[in-house]
Structures are given as structure tokens and as C-alpha cells.
Amino acid sequence: QQKRQMKLSMGGAIDRLLKKFRMTGCKAAKNPCSRNADLSAGEPHDFPLRQIVGALLHLQVVCRPDISFAVQKVARCVTKVTKSAVKAAKQIIAYLSGTRSVGVEYSPKIESDFYDTYKEIAANAGKELKSVVAFSDSDFAGDCITLKSTSGSILYLYGCPLCWSSRRQSIRAVSTCEAEYVAIYDTI
């Protein structure tokens, strides 16, 4: 409180997750997911994927926006568990093992750095940077099976992430521009 600093990280929860699924001491992954992995492909696998997804969703909602995309991809596979889905879930856990101390953080320095970074971008667009800032993005036809895009959004309050989301779009966009518009709509 004296430093005017706050950090939310869930190192203890990550340690319990590593222990529960016997991954303590695993090699840390550099990314939470592989780019174009088809998680529905492969042989059926008897693995408690729902338990992992539940734990990962908890971590993602509380303080880890960096795993949102990867978790939502794996969460689609809980009804038909495959070896590739289990491998993807374990990759997220391996990524978390290497980034235990990462979380949502606020300090006056982080706030000023955020405003310094984005103030010029807003000024070039003729806008003023406010205390609440939202970003959105999408991929175009990122799901290889349904050809639906994925929307991602994040809202910042004073340079600190406040809420975030990553989900498959409800419609099939026919262009990159349309996918971006849907992502903006989802953010709003």
C-alpha cells in the first residue's frame, strides 16, 4: 500500500495444478498454445480434461488474460477428449509453470508507461486517451472446421487490465474486415 502497487498472481494455484496432474518439474513451454493445432483430431483419450479446463478457466478469469485464447480452444474439446486436446492442455500448464509470477499488476509507473505508449496513437487518430481503454482483435476463419473467426478483447482501467475475453464468433465472417467488425461489436 505504501508503494501504491498491487499485483494479483496465483502461484500457489499453479503449483497445486502442477502437483495434481503430476507435472511438477516439467519443462516450461514458451507459448500457451500451438498456432494451428487441430485439437479434435487424434485418438480418443481417457483423461480428466474437464478438471484441467475448470482450473485453467479459474486462473484465466482471475488474473491471466494471456492464456484466454488457448483455454477457450481446449474447452471446446471436453466432450470428445483426444490426445491432441490433452497435449494442448498440458502445454498451457507447462507455460504456467514457467510464468508463475505473472499476473495482473497496477502501479503508477505501469499507468504512466501505458499512457506514454498509447497517447501518441490516440493523438494520431484525433482522439484523447481516457482512463478506460478497450482493444479488440480477431483472426479470420481461424477455426479449421467451422471456418468461424475468434474475437479477443481487453479493457484497461488506468493502464491495468480490468476484463478480457476470447471466444468464437457466432457468425461466419466472409472477410477479414467483417471479422474485425464483429470483434469490435463483441468488445462493446
Side-chain angles (χ1 to χ4, degrees), residues 1-37 39 47-78 84-119 121 129 131-139 142 150-168 183 186-187:
Q1 189 175 7
Q2 292 173 347
K3 294 180 181 180
R4 297 183 59 216
Q5 190 173 8
M6 177 185 73
K7 182 172 183 177
L8 298 173
S9 64
M10 297 187 67
I14 292 169
D15 288 341
R16 286 189 299 277
L17 186 64
L18 289 165
K19 185 177 179 182
K20 182 175 184 175
F21 294 102
R22 298 183 192 125
M23 292 185 64
T24 306
C26 68
K27 182 179 176 186
K30 294 181 181 181
N31 297 312
C33 69
S34 301
R35 181 148 172 84
N36 289 323
L39 303 185
F47 192 80
L49 190 62
R50 285 182 193 269
Q51 291 179 13
I52 289 180
V53 168
L56 291 173
L57 281 170
H58 178 68
L59 289 169
Q60 176 239 312
V61 166
V62 173
C63 67
R64 294 301 297 260
D66 56 334
I67 64 170
S68 293
F69 179 76
V71 172
Q72 64 92 18
K73 280 185 76 170
V74 172
R76 293 181 199 155
C77 302
V78 295
S84 57
V86 171
K87 182 180 176 185
K90 287 184 175 184
Q91 182 175 348
I92 298 170
I93 296 172
Y95 171 76
L96 290 171
S97 75
T99 59
R100 291 182 68 259
S101 62
V102 173
V104 175
E105 188 172 0
Y106 172 80
S107 71
K109 181 182 180 341
I110 290 172
E111 181 181 354
S112 67
D113 290 347
F114 180 84
Y115 284 118
D116 290 344
T117 301
Y118 295 105
K119 189 179 285 187
I121 295 169
L129 200 60
S131 58
V132 177
V133 179
F135 295 100
S136 70
D137 195 13
S138 72
D139 66 347
T150 301
S151 294
S153 60
I154 187 164
L155 273 70
Y156 285 88
L157 177 65
Y158 297 112
C160 180
L162 183 62
C163 63
W164 46 87
S165 169
S166 176
R167 73 183 95 201
R168 189 185 305 169
D186 289 346
T187 302

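Computed from a predicted model, the values in this text were never measured in an experiment. In this chain, residues are counted from 1 in sequence order.
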Residue list, side chain to side chain donor-acceptor pair (under 3.5 Å) with N31, at least two apart or on another chain: none

Any donor-acceptor pair under 3.5 Å from K7 side chain to S101 backbone: yes

Set of salt bridge (Lys or Arg N to Asp or Glu O under 4.0 Å) partners for K109, sequence neighbours left out: D113

Heavy-atom side-chain proximity of D15 to L18 below 4.5 angstrom: yes

Closest non-hydrogen atom pair, Q91 against A29: O-CB, 3.8 Å

Residues in salt bridge (Lys or Arg N to Asp or Glu O under 4.0 Å) contact with R16, at least two apart in sequence or another chain: none

Side-chain donor/acceptor of D137 to backbone N/O of G152, under 3.5 Å: no

Heavy-atom neighbours of R76 CZ exceed 12 at 6.0 Å: yes

Contact check, side chains of P108 and Y158, non-hydrogen atoms, under 4.5 Å: no

Under 3.5 Å, which donor-acceptor pairs link side chains of residues 56-66 to any protein atom two or more places apart or in another chain?
| residue | atom | partner | partner atom | Å |
| --- | --- | --- | --- | --- |
| Q60 | NE2 | S68 | OG | 3.2 |
| R64 | NE | D66 | OD1 | 3.1 |
| R64 | NH1 | T99 | O | 2.9 |
| R64 | NH2 | D66 | OD2 | 2.9 |
| R64 | NH2 | T99 | OG1 | 2.8 |
| D66 | OD2 | Y95 | OH | 2.8 |

Worked verdict on T187 versus S151 for side-chain contact (heavy atoms from CB on, under 4.5 Å): CA-CA 8 Å; T187 302; S151 294; over 6 Å; no

Where R100 and S9 come nearest, the two heavy atoms and their spacing: O-CB, 4.2 Å

More than 12 heavy atoms of other groups within 6.0 Å of F21 CZ: yes

Over all atoms of both residues, closest heavy-atom pair of A183 and S136: O-CB, 3.9 Å

Separation between CD of E105 and CD1 of I110, rounded to the nearest 0.5 Å: 4.0 Å

By salt bridge (Lys or Arg N to Asp or Glu O under 4.0 Å) - contacts of R168 (at least two apart): D143

Closest non-hydrogen atom pair, L49 against A89: CD1-CB, 3.6 Å

Closest non-hydrogen atom pair, L129 against K119: CD2-N, 3.8 Å

Considering all heavy atoms, the nearest P161-I154 contact: CB-CD1, 3.9 Å

Partners meeting side chain to side chain donor-acceptor pair (under 3.5 Å) with Y106 (sequence neighbours left out): E111

Gap between atom CG of D139 and atom OG1 of T150 - 0.5 Å precision: 4.5 Å

F135 and Y156 aromatic ring geometry - parallel, tilted or perpendicular at 30°/60° bounds: perpendicular

Distance in Å, I52 CD1 paired with K90 NZ, rounded so as to fall on 0.5 Å steps: 7.0 Å

CG on L39 to SG on C77, rounded to 0.5 Å: 4.5 Å

